[in-house]
Amino acid sequence: MTVTGLVQGVGFRPFVHRLAGELGLVGFVGNDSACVFIEVQGPEGSVERFVARLASEAPPLARVESVTTTIMAAGHDAAFRIAESSPASGPRTLVAPDVAVCADCMAEVLDPRDRRYRYPFTNCTNCGPRFTIIRDLPYDRPGTTMAGFGMCSACRSEYEDPADRRYHAQPIACPRCGPSISFERGEEVVRGTDRVLVELQRSVVAGQVVAVKGIGGYHLCCDATSDAPVERLRVRKGRLDKPFALMVPDLATARGLASIDGEEAAALESPARPIVLVRRRPDAPLSGLVAPGNPLIGLMLPYTPLHHLLFLPVPGSGSVPPHCLVLTSGNVSDEPICTDDAQARVRLHGLADGFLTNDRPIHVPCDDSVVRVVDGRVQPVRRSRGYAPLPVHLPVEVAPTLAVGGELKNTFCLASGRHAWVSQHLGDIENLETLDAFRRCVDGFRRMYGIAPTRWAADGHPGYLTRRWALENAGGVPVVDVQHHHAHLAAMMAEHGLDGSSPVLGFAFDGTGYGVGDDGRPEIWGGEALVADYRGFERAGHLRALPLPGGNAAVRNPCRVAVAYLAALGIDIERWLPAAAACDEVELGVVQRQVERNVGCVPTTSMGRLFDAVASLLGVRHRITYEAQAAIELEALAEHGALDPAAPRWSFAVDDDNVVDPGPVVRGLVAGLSSGAEPADLALGFHDAVARAVLEVAARLRPRYGSMPVALSGGVFQNTLLTRLTRVGLEHEGFEVLTHRLVPPNDGGLSLGQAIIAGHGGG
Ligand code: ZN
Ligand code: ZN
Ligand code: FE
């Protein structure tokens, strides 16, 4: 029989071996690159029980997709054994993600009598690195970055003992035979686990920044409880405000820093160990520079034995372990995460005061994942370590397809049949370094899964490097352009298992997506209501297109967008308005003239830009240093607002074509400001107005299309206040509401949508 699914690298063969032994069956089990194959002989009842228990009792990390059995002539096995792996062609098996160290392994790490006491690379078949160390399938030691470490006799006997937890655990290691850590500071190199950890702890106490090699790359780490080291890291990284992720030793410490509900605790402790965005306590003992202007902080728990050891006293040393560490991707701004030791030494040279490194190579870079609990459910913000490369199961068959994703927060997706392998987060592909990392990962996936795409998919934006790369490298295979917001919505349909036989009404709200207007000219879309299936979409409504200055300068300066909005809507730009006051004379004049003469402007329906404009209008944020900063701070302000039930609420004007005009809302905000209303109340009123506009468009379309599920996608819906208001309103009117659970609402989800659209014959 053959078993497919996530059955390699997760202790599946030892499990089969034990199960067969228990039931008195003989035969063998083995891996090839496509599946696990098993042959058993024994009494009929036992064989049946064996098949049933294969799926129901599989090890924690395994995912059995199918068990195919065939009856054959009796073999000659006298016992049950594990067969040699056989490389095979054809569709490949699933690769496991990297998962957090398990409780059994940690118990050993903390046990002074255990031979793995304080060993940073302890792992077993239930835990440890996978995706980042696999060079080739089938998943066996020679195919991993552990190939260079010969097993000692003790490890070898565990590896070969079917009763052992480490039976065929490919990354098996111990202090005698496995990787080891070292601390480098200039020319000085310190070795020995405890001495290295003392160096790390002393450096952190001294306020230094240390590069720490982890599972999927280097982190930069420093003490999160005082300003000086965090400030130092910000200056060196050139990262002014964007929040830093934090690692704390345990859930109890996390609870001291943030209010954490049951779902958030479960996410923090899940085997994927993502960064979880949680609400910071006002009295949290943390530097304010960790996440300036943001009520949320990103927390994660240790996921390797090394991370656990960072927070523990080193016996006999007297050194003080940290309480909370900044742990941010080890890269220079806009570059990919460092994985290679030699490169890290060069690229992180000016950023880190020391390096805690090790001699286990990282084959595949993989950033930490980020999630947020929205309405009691985990929503990915960045799907990476711990999740990738688990496939998304598709509701329809697709041809072999490579979708290259968008530009910001890029992922790509390789799909075939009912599987879509969405890559780890690769960051913003805006320069040659990131494009090169992207290309290497694409090559790796294609080799790993043995898929030769018969079509490629890309975003329609002619300026995206990923699209240009696709056009140059597809080698005669057609490249399908997939409209940006269509891709967002198809991803939603795919993850909710919709087969596309009936459409959804999707609201795709984001900052920038390439669209083509009725006159055939390029526009910036981002406030879209699309009736969509996998074959195509109809633009059923959108935010009114206004000529707004295009390009990065507008995105970085919300005050210019605000002023442009006022000019485009014909509202007087009074100097006391916070947005106007934030502009200098020159930019005020330039922006006004640009809009009035329609020079350097692009017709824009972007909801993201409207949020930026309102943030500046209300005096929240006029210039940003990271993406979506203004909208994040506007949401934070709105959470303190209140709606006066007696007061009239201003609303978007929706016309017969479902064009949504923000004029009345922007005028309402200006009037509110001039009458001295609380900005927080105005901010909440704006969120409420956007939610009601969605509801109005949905209600207007219902008679024409009947009841359709309503999908809320695009980066703007990372705003949980907006999502909640919109969802509650829609559900109250009887709409079924879809939000993202598997891929992010932001552009990290595009590749999945592109893959299913192109692979299923649309585009
Ligand atoms: Zn383990
Ligand atoms: Zn060993
Ligand atoms: Fe988008």
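We count residues from 1, following the sequence as given. What you see is a predicted model, and the numbers here were worked out from it, not measured in a lab. For ligands, and for the atoms within them, numbers begin at 1 and follow the listed sequence.
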At the Fe ion (ligand 3), OD2 of D510 and OD1 of D747 open up to roughly (10° bins) 170°
Residues at least two apart in sequence or cross-chain that pass side-chain contact (heavy atoms from CB on, under 4.5 Å) with E430, listed by chain then number, are E407, L408, D428
Query raised in the report: Does D114 come within less than 4.0 Å of R116, counting only side-chain N to carboxylate O?
Result: no
Review point. Any Lys/Arg nitrogen of E495 or R383 sitting under 4.0 Å from an Asp/Glu carboxylate oxygen of the other?
Key: no
Atoms listed for the Zn ion (ligand 1) (protein only, N, O or S, under 2.8 Å, no waters) are C102 SG, C105 SG, C124 SG, C127 SG
Worksheet entry | Pair R13 + D140, salt bridge at N-O below 4.0 Å | yes
CG of L426 to CZ of F412, rounded to nearest 0.5 Å, is 6.0 Å
Report for the Zn ion (ligand 2), protein N, O or S closer than 2.8 Å, by chain and number, lists C152 SG, C155 SG, C174 SG, C177 SG
- Item | Side chains of N31 and F12 in contact at under 4.5 Å (non-hydrogen atoms) | no
Check your understanding: Relative to each other, are the rings of H484 and H488 parallel, tilted or perpendicular (30° and 60° limits)?
Key -> perpendicular
Against the six-membered ring of Y303, is R385 placed for a cation-pi contact (under 6.0 Å from the centre, within 45° of the normal)?
yes
For the ring pair H687 and F611, is the centre-to-centre distance below 6.0 Å? yes
Contacts of R468 meeting salt bridge (charged side-chain N to carboxylate O under 4.0 Å, His left out) (sequence neighbours excluded), chain-then-number -> none
Could you tell me whether any N, O or S atom belonging to H488 is less than 2.8 Å from the Fe ion (ligand 3)? yes
